Amino acid sequence: MATKQRSRSRRSSPSRDRTPRYVAPVLDPTWQSPYAPSGAEKHANQRAVRAFALRRKLPQTIVVGVVALALVVGVVVAWWLPIIGVAVAALDAWDLRRSLVRYDQRGTLLGNLMIEQFKTGGSPSDRLRLSTVLDRLAATFGVDNVTTYIVDDPGYNAALVPNGTGFSLFVTSALMRDFELIELEGVVAHCLARQRLGLLTRESASALSSLSDDARRELAGPGLAYRADEVAAAAIRYPLGIAGALRKCERHLTPSTSFFVTPTYAQWRWIWFNIWSDRRDSDLSDLDDVELRARALEEW
């Protein structure tokens, strides 16, 4: 009898629900898209010029510090030696500060130098098209006070550089003539993304500093054109526009009459959309190579 009651009890009990329990989604307030520049990333790029200048001055600072310390300790020999030591240290600190300010301000001169370097090109319709694209994208990237210039050159390239308190956007006449609207939009977006990443100061300083090629690349930041592609593509939501522009740059043989095969371009290369216009063969080990950048965007 007891067995029958237990059997009836098991049959009458509700079946166990084996489906996964619902868990309400919780948004992580600290999450940030990897395709959007973080505050720390932008700050690091903005501080790169000062950090580079400090590293360049470090050997001198160490030598002066040792000498100043020796002079201070020399008080056991003569009472006036510490005074000289303090004066030497103060002069070195003043020189260091002056050097840092000079590095910070150097890049702001680049815009005017580039205006002097190029002749004006493009048609009125080209200028209107460029201004329209810039107006549409400037709000997206939070950039204003940008003056546009179409420069007469048979190469494909563009650059956004500081110019006093504002910015100057330079686009070649050949690019305006041969690029589709969506490709032009990708190029302009890439240039604006560099400003959003805080790259313009370090890139412009590298262009106007008396440095070796390796030191210039270190200051400008290798691989940051690739990073600007990511930020730009995420903002305009069409990576193939930038990829198409890069493919055209890759296939284009820069004429010998172009600025982009000159020594001045080699010194200024890090400010340009196509950093390697004078490169004949692709180097897929280099993140700034146009073919590698195009492949990465095409795989999005």
Side-chain angles (χ1 to χ4, degrees), residues 36-65 89-117 141-147 157-170 190-232 263-276 286-288:
S38 65
E41 180 181 15
K42 186 172 182 178
H43 180 70
N45 285 322
Q46 291 172 334
R47 296 283 299 175
V49 174
R50 182 155 293 209
F52 180 84
L54 285 171
R55 289 196 300 272
R56 300 271 293 181
K57 282 285 188 178
L58 184 59
Q60 173 187 315
T61 302
I62 292 174
V63 171
V64 171
L91 283 173
D92 182 66
W94 174 81
D95 180 65
L96 177 61
R97 184 178 182 280
R98 186 178 62 124
S99 178
L100 294 178
V101 171
R102 190 168 61 247
Y103 264 95
D104 282 339
Q105 295 179 345
R106 187 171 296 171
T108 61
L109 305 173
L110 185 55
N112 283 331
L113 291 176
M114 292 177 66
I115 293 172
E116 296 172 2
Q117 178 73 42
F141 288 92
V143 183
D144 58 5
N145 198 15
V146 180
T147 304
N157 232 323
L160 179 69
V161 299
N163 193 352
T165 58
F167 306 96
S168 294
L169 175 65
F170 295 88
H190 170 97
C191 293
L192 295 174
R194 292 194 184 201
Q195 194 280 334
R196 191 173 182 182
L197 284 161
L199 302 180
L200 298 190
T201 299
R202 64 186 301 180
E203 291 173 348
S204 300
S206 76
L208 297 181
S209 300
S210 299
L211 302 169
S212 66
D213 289 343
D214 289 341
R216 201 181 303 281
R217 184 171 194 173
E218 177 191 354
L219 175 55
L224 293 180
Y226 182 99
R227 176 63 175 140
D229 287 341
E230 291 183 330
V231 174
T264 304
Y265 165 69
Q267 182 178 342
W268 292 0
R269 73 168 70 250
W270 296 100
I271 66 173
W272 294 97
F273 173 73
N274 183 4
I275 293 169
W276 298 108
D286 180 2
L287 283 177
D288 293 315

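As a basis for the values below, the full set of heavy atoms in this structure was taken, side chains included, without hydrogen atoms, waters or symmetry mates. Just so it is clear, the structure is predicted and the values come from calculations on it, not from any experiment.
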Just to verify, which of Arg216, Arg269, Arg194 counts as forming a side-chain hydrogen bond (donor to acceptor under 3.5 Å, both in side chains) with Glu203?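 Result: among Arg216, Arg269, Arg194, Arg194 is the only option passing the side-chain hydrogen bond (donor to acceptor under 3.5 Å, both in side chains) with Glu203.
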Quick one: [atom1] on [X] to [atom2] on [Y], what's the gap to the nearest 0.5 Å?
| X | Y | atom1 | atom2 | answer |
| --- | --- | --- | --- | --- |
| Lys42 | Arg47 | NZ | CZ | 15.0 Å |
| Ser204 | Leu109 | OG | CG | 10.0 Å |
| Ser206 | Leu110 | OG | CG | 9.0 Å |
| Asn145 | Thr165 | CG | OG1 | 5.5 Å |
| Asn274 | Asp288 | CG | CG | 10.0 Å |

Look at the rings of Trp276 and Trp270 and say which category their plane angle falls in: under 30° parallel, 30 to 60° tilted, over 60° perpendicular.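 The rings of Trp276 and Trp270 stand perpendicular, inter-plane angle above 60°.
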Taking all heavy atoms of [X] and all of [Y], pick out the closest pair and write down the distance.
| X | Y | result |
| --- | --- | --- |
| Trp272 | Trp268 | CD1-O, 3.3 Å |
| Ile275 | Tyr265 | O-OH, 2.6 Å |
| Ala225 | His190 | O-CE1, 3.3 Å |
| Ala205 | Leu219 | C-CD2, 3.9 Å |
| Leu287 | Tyr226 | O-CB, 3.5 Å |

List the residues meeting salt bridge (charged side-chain N to carboxylate O under 4.0 Å, His left out) with Arg202, not counting sequence neighbours, and say none if there are none.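 Listed in chain order: nothing, the list is empty.
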Restricting to salt bridge (charged side-chain N to carboxylate O under 4.0 Å, His left out), what partner residues turn up for Arg217, sequence neighbours left out?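 Partners of Arg217 under the salt bridge (charged side-chain N to carboxylate O under 4.0 Å, His left out) test: Asp286.
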Decide yes or no for [X] and [Y]: does some side-chain heavy atom of the first lie under 4.5 Å from some side-chain heavy atom of the second?
| X | Y | value |
| --- | --- | --- |
| Phe170 | Ile115 | yes |
| Asn163 | Thr147 | no |
| Met114 | Ile271 | yes |
| Leu224 | Leu197 | no |

Run the side-chain contact (heavy atoms from CB on, under 4.5 Å) test on Phe141 and Gln195 for me, step by step, so that the C-alpha distance in whole Å, both residues' side-chain angles and the decisive distance to 0.1 Å come before the verdict. CA-CA 9 Å; Phe141 288 92; Gln195 194 280 334; over 6 Å; no
Between Arg196 and Val143 (side chain of the first, backbone of the second, donor and acceptor by atom type, cut-off under 3.5 Å), is there such a pair?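 Here the side-chain-to-backbone pair does not exist.
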Within the side chain of Asn45, is there an N or O that forms a donor-acceptor pair under 3.5 Å with the backbone of Leu199?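 The answer is no, because no donor-acceptor pair under 3.5 Å joins these two groups.
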Let's go through Val161 and Leu200 carefully: what are the C-alpha distance in whole Å and the side-chain angles of both, what is the deciding distance for side-chain contact (heavy atoms from CB on, under 4.5 Å) to 0.1 Å, and is it a yes or a no? CA-CA 6 Å; Val161 299; Leu200 298 190; over 6 Å; no
Residue pair Phe167, Asp144: steps toward the side-chain contact (heavy atoms from CB on, under 4.5 Å) verdict: CA-CA 8 Å; Phe167 306 96; Asp144 58 5; 5.5 Å; no
